[in-house]
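Sequence lines set the chain letters: A, B, ... in the order given, protein chains first and strands last, and positions in each chain run from 1. Fair warning: this is a prediction, and the values are worked out from it, not measured in the lab.
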2 protein chains.
Amino acid sequence: MGLTRTEIFSIEQNQLATLLKALAHPARIAILQRILASNTCICGDLVDELGLAQATISQHLKELKNAEIIQGTIEGVSVCYCINPVTWKLIENQMGAFLGAYKQEANCC
Amino acid sequence: MGLTRTEIFSIEQNQLATLLKALAHPARIAILQRILASNTCICGDLVDELGLAQATISQHLKELKNAEIIQGTIEGVSVCYCINPVTWKLIENQMGAFLGAYKQEANCC
DNA sequence: ATACTTAATCGTAATATTGCAATATATTAT
DNA sequence: ATAATATATTGCAATATTACGATTAAGTAT
């Protein structure tokens, strides 16, 4: 026990949960907002700007990369990260469908 | 260590992260989809329909309630859950702003 | 009151996450 | 080749999450 029983849920449910989990940390939201702000890619400026240790930032970046939410390219001695447009679109679509399924009705509990 | 350093992030970043964390589990997504499907409220049908123990479902419901994503009303011997429209709208707005901030540019890494 | 039904809570084991110092790796500059 | 810079990885401690059996609480029926 103590392990999410992914086998009893649909691919889509697991996929959306995984994507949301990757987003569900203030540091990772801050990292993404930082990337979104300067549309051009960014690297270890994050370490200076967020107040977290370099190892911690690197770990969060790795998680975002694993989820394919961002992608990084080596640029000389530093690494440039940017949004993965495919996954971003996927999140928009999946979340749009999920959130949009709610039709507010009068008779509720 | 081992504890999220919420103090270095903005209220909004922490709030969005908390909401997404509450959504970021396939069981909770399944529960919400079940509630969304029959717009009217639901109770322990969830225990029968999802393949998880009653205690586990109850715990997931509690988390969704804590995040104010759902609300429950006692209805006789059972409990009826439904979406909290205020929080749902909040998620839509916050996620919309967050995801919408991405403008796909040609020159990226 | 007793039995029954439904849901919440408690306790616990297994696993995952978060954060960071220390170290390793890789690229650039001298 | 050596030094400097930037990022990744490792190891570890603290904490959180997930799942479930067992129990409790609270309402309904007999």
Q.
Regarding B:V77, tell me which of base, sugar-phosphate or nothing describes its non-hydrogen contacts under 4.0 Å with the strands shown.
A. base
(Q) Just the rounded figure in Å: distance from C1' of D:dT5 to CD of A:E75. (A) 15 Å
Q. Quick one: are B:Q13 and A:Q33 in side-chain contact, heavy atoms under 4.5 Å?
A. yes
Q) Going by heavy atoms in the side chains, are A:L19 and A:M95 under 4.5 Å from each other? A) no
**Q.** Path from B:V77 to B:L61 over hydrophobic side-chain contacts below 4.5 Å
**A.** no
Q | Phosphate contact (D:dT17 OP1 or OP2) by B:H60 side-chain N/O below 4.0 Å | A | no
Q. Rounded to the Å, how far apart are B:L23 CG and D:dT17 P?
A. 14 Å
Q: Taking only the side-chain nitrogens and oxygens of B:S78, find out if one of them lies under 4.0 Å from OP1 or OP2 of C:dT6.
A: no
(Q) Any donor-acceptor pair, under 3.5 Å, between the side chain of A:Q54 and the base of D:dA6, if you only look at N and O atoms? (A) no
**Q.** C:dT17 phosphate, OP1 or OP2, under 4.0 Å from A:K21 side-chain N/O
**A.** yes
Q. Below 4.5 Å, heavy atoms only, C-beta onward: do A:R5 and B:L52 meet side chain to side chain?
A. yes
**Q.** Toward the 5' end of DNA chain D, by each residue's nearest nucleotide, A:D45 or A:T6
**A.** A:D45
**Q.** Atom-to-atom span, CG of A:L52 to P of D:dA8 - whole angstrom
**A.** 15 Å
(Q) Base, sugar-phosphate or nothing for A:A53? Non-hydrogen atoms, less than 4.0 Å. (A) sugar-phosphate
Q: For B:N66 and D:dA16, give me the distance from atom CG to atom P, rounded to whole Å.
A: 14 Å
Q. Between C:dC20 atom P and A:I57 atom CD1, what is the distance in whole Å?
A. 9 Å
Q. Rounded to the nearest Å, what distance is computed from the CD1 atom of residue B:I31 to the C1' atom of nucleotide C:dA7?
A. 13 Å
Q: Please determine, for the side chain of B:Q59, which listed nucleotide (D:dT9, D:dA19, C:dG19) has the closest atom?
A: D:dA19
Q: Select base, sugar-phosphate, or nothing to describe what A:E63 touches, counting heavy atoms under 4.0 Å on all strands.
A: sugar-phosphate
(Q) Using a 6.0 Å cut-off, check whether atom CD of B:E68 has over 12 heavy atoms from anything other than its own residue. (A) no
Q | Selection from D:dC20, D:dT9, C:dT18 that lies nearest to any side-chain heavy atom of A:H25 | A | C:dT18
(Q) Between B:W88 and A:Y102 (side chain of the first, backbone of the second, donor and acceptor by atom type, cut-off under 3.5 Å), is there such a pair? (A) no
Q) What is the distance, rounded to the nearest whole Å, between atom CG of A:L61 and atom P of D:dA8? A) 7 Å
Q) Under 4.0 Å: is that the gap between some side-chain N or O of B:T56 and OP1 or OP2 of D:dC20? A) yes
Q: Write down the distance between NZ (B:K62) and P (D:dT18), rounded to a whole number of angstrom.
A: 13 Å
(Q) Please confirm whether the shortest side-chain N or O distance from B:T4 to OP1 or OP2 of C:dT18 is below 4.0 Å. (A) no
Q) Think A:Y81 has a side-chain N or O under 4.0 angstrom from the OP1 or OP2 of D:dA6? A) no
Q: Would you mind telling me which residue lines up with the more 5' stretch of DNA chain C, A:R28 or B:K65, judged by nearest nucleotide?
A: B:K65
